[in-house]
Amino acid sequence: MTPTATAHPPNDAVGRQMSWMLGQMNTDPVSSDVSSRFTEQFQAEVPPAQWLVMLGQLRAQAPWVLESVTSDGKAGSASVVAQGRRYSLTMTVDDAGRIDGALLKEGAQGETATTWPQVEQRAQLAAPQVSILAATVGDDGSLEVVHRSGEQGVRPIASMFKLYVLAAVAEQVRDGALSWDQQLRLTAQDKTLPSGTLQERPDGTAVTVREAADLMIRISDNTATDLLMRAVGEDTVRAAAARAGATHPEGITPFLTPRQMFWLGYGDAPQALDARAKWAAADAQTRAQLLEQVPMPGPGPENIDMTSTPWRSGVGWFATPQEVVQAHLYLDTLAGDAALAPLREILTKNGGIAVPDWSEQAFKGGSDSGVIALSFLAPPPQGTQRRQALVMIGTGERPVDEETFVAATADAARLLSEHR
């Protein structure tokens with residue numbers, strides 16, 4: 001691709017640092033003041049010597065053309081093009097104008113899709129197998145399909161399984177077994193690998209049910225999920241999933257915690273390797289026995305091979321695109337209960353994608369090696385009662401291009417929002 005325009009950095013702290021960096025990425029001589037450009041914390045993470053090596057590697061791809069840039073003086077983002085590929089550059093600076101954050105990553109492939117076939121084609125640039133379900137929702141909860149393509153059977157859903165955990169928590173609050181303000185005590189056994197931040201808190205930390213639920217959905221916190229699953233129990237989660245529309249229990253049995261999934265899916269102990277080899281063909285009882293034998297001595301394996309794809313061995317959580325929509329609709333119904341009012345805020349705090357006519361949409365996504373899954377339930381715009389639902393799931397035998405898949409999903413969301 002070629003740049004759509006040529007931009008110039010603004011004359012503010014971010015703009016000046018971006019200008020310096022782009023110069024270094026192009027033809028400027030190696031700068032002697034690298035250390036003065038970055039905060040001490042940034043240099044602790046990326047030493048100047050390492051930064052110079054990186055700049056040398058980037059210089060080999062020159063010229064880098066600045067296509068567009070935005071900045072508020074403290075944080076900025078830019079689109080740059082080199083050798084026919086588009087990248088995004090984000091940067092933040094401290095009060096002294098020194099760089100305290102910088103990230104260059106390849107941008108989305110393909111052009112903006114304006115038809116459903118184009119959405120499919122763009123999504124397939126990111127993941128070979130793509131499932132799409134886009135629908136409007138009738139007053140009775142029935143779906144009027146706007147677009148459906150790809151495999152509509154049981155698919156890996158990654159962290160979208162947390163919708164079922166949230167349903168179990170909400171039911172327990174409704175029934176008086178839990179309260180939103182109830183404090184749960186974090187233990188070492190609850191802690192697992194990111195995503196999330198709760199694993200960084202000390203053992204014994206008090207976390208309310210409401211905060212854990214918020215973290216689980218808003219930033220997909222895995223430790224918060226383990227904590228909540230311990231509070232309600234696996235059987236309760238699986239029963240709630242059935243009430244939320246899950247009709248393929250084999251896809252969520254056993255209902256793994258994130259910690260279990262990491263050790264089962266990525267562990268290199270002989271027991272984990274044996275369990276993975278047998279998992280897909282095993283019945284529920286055998287799976288429980290295999291899982292019990294897998295050692296789990298900490299939050300998760302230290303060295304995870306992200307080129308592996310546990311979902312292909314049946315490890316993870318699985319549902320159909322329509323079942324994911326039903327889970328959203330079930331939670332939306334629960335949120336109508338006054339005692340469960342926080343549900344709507346929990347589900348909508350991370351809006352996912354900005355779409356015209358979609359305000360405060362419920363969103364849950366997830367990703368794992370070889371899997372990306374995104375789901376939305378948009379409330380009706382003013383003057384109509386028609387909600388809209390969108391589920392997109394992409395899979396492959398290697399890590400997917402998340403940037404491109406998200407861009408394709410944004411295209412799909414815009415198309416769906418225009419269908420009223």
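Quick caveat: nothing in here was measured; it's all calculated off a predicted structure. Scope of the values below: all heavy atoms of this structure, side chains included, with no hydrogens, waters or symmetry mates. Here, residue 1 is the first one in the sequence, and each next residue gets the next number.
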* Gln41 CD: over 12 foreign heavy atoms closer than 6.0 Å -> no
* Asked: To the nearest 0.5 Å, how far apart are CG in Leu66 and CE in Met25?
  -> 9.5 Å
* **Closest non-hydrogen atom pair between Pro48 and Gln43, with its separation** => CG-OE1, 3.5 Å
* Would you tell me whether Gln109 and Asp401 have side-chain atoms, one donor and one acceptor, within less than 3.5 Å of each other? => yes
* **Whether Arg218 side chain and Lys349 backbone form a donor-acceptor pair below 3.5 Å** => no
* **Derivation and outcome, side chain to side chain contact (heavy atoms under 4.5 Å, CB included), residues Leu415 and Val119** => CA-CA 9 Å; Leu415 280 175; Val119 169; 3.7 Å; yes
* Using 4.0 Å as the upper bound for N to carboxylate O, is an ion pair formed by Arg287 and Glu250? -> no
* To do: For Val237 and Val232, work out which heavy atoms get closest and say how close.
  => CG2-CG2, 3.6 Å
* Can you measure from CD1 (Ile346) to CD1 (Ile217) and round to the nearest 0.5 angstrom? => 7.5 Å
* Taking Arg59 for its side chain and Gln24 for its backbone only, find out whether a donor-acceptor pair lies under 3.5 Å. => yes
* Ignoring hydrogens and angles, tell me if any N or O in the side chain of Thr253 forms a donor-acceptor pair with the backbone of Pro249 under 3.5 Å. => yes
* To do: Consider only side-chain N and O atoms of Lys105 and Thr90, and report whether a donor and an acceptor are under 3.5 Å apart.
  => no
* To do: Side-chain contact test, heavy atoms from C-beta onward, threshold under 4.5 Å: evaluate it for His419 versus Glu144 and give yes or no.
  => yes
* Modelled atom types, side-chain donor and acceptor of Asn222 and Thr225, under 3.5 Å -> no
* Kindly say whether Gln183 contributes a backbone atom to a donor-acceptor pair with the side chain of Thr208 at under 3.5 angstrom? => no
* To do: Report the relative orientation of the aromatic rings in Tyr266 and Phe262; use parallel for angles under 30°, tilted for 30 to 60°, perpendicular for over 60°.
  => tilted
* **Distance-minimising heavy-atom pair for Ala13 and Gly73** => CB-O, 3.7 Å
* Asked: Can you check whether Met296's main-chain N or O pairs, donor with acceptor, with Arg259's side chain at less than 3.5 Å?
  -> yes
* **Neighbour count above 12 (heavy atom, 6.0 Å) for Gln50 CD** => yes
* Charged N-O contact under 4.0 Å between Glu403 and Arg85 -> no
* Asked: Would a 4.5 Å heavy-atom cut-off, applied to side chains only, mark Trp279 and Leu264 as touching?
  -> yes
* Return yes if a side-chain donor-acceptor contact under 3.5 Å exists between Thr70 and Ser77, otherwise no. => yes
* **Side chains of Asp411 and Thr112, donor plus acceptor under 3.5 Å** => no
* Asked: Are Arg344 and Asp332 within salt-bridge range, i.e. N to O under 4.0 Å?
  -> yes
* Asked: Should Val207 and Arg201 count as side-chain neighbours, where that means a heavy-atom distance under 4.5 Å?
  -> yes
* Asked: Do Arg243 and Tyr330 touch side chain to side chain, with heavy atoms closer than 4.5 Å?
  -> yes
* Between atom OG1 of Thr348 and atom CH2 of Trp358, what is the distance when rounded to the nearest 0.5 Å? -> 14.0 Å
* **Non-hydrogen atoms of Arg185 and Ala206 that approach each other most closely** => NH1-CB, 3.5 Å
* So, does Asp140 use its side chain to make a donor-acceptor pair with the main chain of Ser142 at under 3.5 Å? -> yes
* **Rounded distance [0.5 Å steps], CD1 in Ile393 versus CD in Gln129** => 12.0 Å
* Asked: Hey, are the side chains of Val69 and Pro10 touching, using non-hydrogen atoms and a 4.5 Å cut-off?
  -> yes
* Exam field: side chain Trp180 to backbone Ala339, donor-acceptor pair closer than 3.5 Å -> yes
* side-chain hydrogen bond (donor to acceptor under 3.5 Å, both in side chains) with Arg174: which residues, sequence neighbours excluded? -> none
* **Between Ser179 and Asp181: side-chain donor-acceptor atoms closer than 3.5 Å** => no
* Could you tell me whether a side-chain N or O of Thr409 sits under 3.5 Å from a main-chain N or O of Phe405, the two making a donor and an acceptor? => yes
* Asked: Any side-chain heavy atom of Thr320 sitting closer than 4.5 Å to one from Val154?
  -> yes
* Side-chain contact test, heavy atoms from C-beta onward, threshold under 4.5 Å: evaluate it for Leu256 versus Phe161 and give yes or no. => no
* Report yes or no: does Asn26 contribute a side-chain atom to a donor-acceptor pair with the main-chain N or O of Ala62 at less than 3.5 Å? => no
* State whether the side chain of Gln199 and the backbone N or O of Lys191 hold a donor-acceptor pair below 3.5 Å, judged by distance alone. => no
* Might you confirm whether atom CZ of Arg238 has over 12 heavy atoms from other residues, nucleotides or ligands at distances under 6.0 Å? => yes
* No-hydrogen, no-angle side-chain donor-acceptor test under 3.5 Å, Arg276 and Ser313 -> no
* How about Asp226 and Thr223: does a side-chain donor come under 3.5 Å of a side-chain acceptor? -> no
* Decide yes or no on side chain to side chain contact (heavy atoms under 4.5 Å, CB included) for Leu228 and Leu184, but give the supporting numbers first. => CA-CA 8 Å; Leu228 289 170; Leu184 307 175; 4.0 Å; yes
* Please determine, by modelled atom types, if His147 and Glu120 share a side-chain donor-acceptor pair under 3.5 angstrom. => yes
* Asked: More than 12 heavy atoms of other residues, nucleotides or ligands under 6.0 Å from CG of Asp274: is that the case?
  -> yes
* Asked: Could you state the interatomic distance from CG (Leu104) to CH2 (Trp64), rounded to the nearest 0.5 Å?
  -> 5.0 Å
* Asked: Taking it one step at a time, do Lys364 and Ser220 satisfy side chain to side chain contact (heavy atoms under 4.5 Å, CB included)?
  -> CA-CA 8 Å; Lys364 188 70 196 81; Ser220 209; 3.0 Å; yes
* Asked: With a 4.5 Å limit on heavy-atom distance, are the side chains of Lys162 and Leu166 in contact?
  -> no
* **Trace of the ring pair (Phe, Tyr, Trp, His ring centres under 6.0 Å) decision for Trp317 with Tyr164** => CA-CA 11 Å; Trp317 307 270; Tyr164 294 140; over 10 Å; no
* Structure fact -> From the list Arg155, Arg148, Gln152, side-chain hydrogen bond (donor to acceptor under 3.5 Å, both in side chains) with Ser131 holds only for Arg155
* Supply the atom-to-atom distance Gln388 CD to Ser417 OG, rounded to the nearest 0.5 angstrom. => 6.5 Å
* Using distance alone, with no hydrogens and no angle criterion, decide if Ser79 and Glu67 have a side-chain donor and acceptor under 3.5 Å apart. => yes
* Closest heavy-atom contact between Arg98 and Gln17? -> CA-NE2, 3.9 Å
* Considering all heavy atoms of both residues, which atom of Pro321 and which atom of Val391 are nearest to each other, and what is their separation? -> O-CG2, 3.8 Å
* In sequence, state the C-alpha distance, the side-chain angles, and the governing distance for Leu329 and Arg387, and then conclude on side chain to side chain contact (heavy atoms under 4.5 Å, CB included). => CA-CA 10 Å; Leu329 291 173; Arg387 293 170 293 174; 3.7 Å; yes
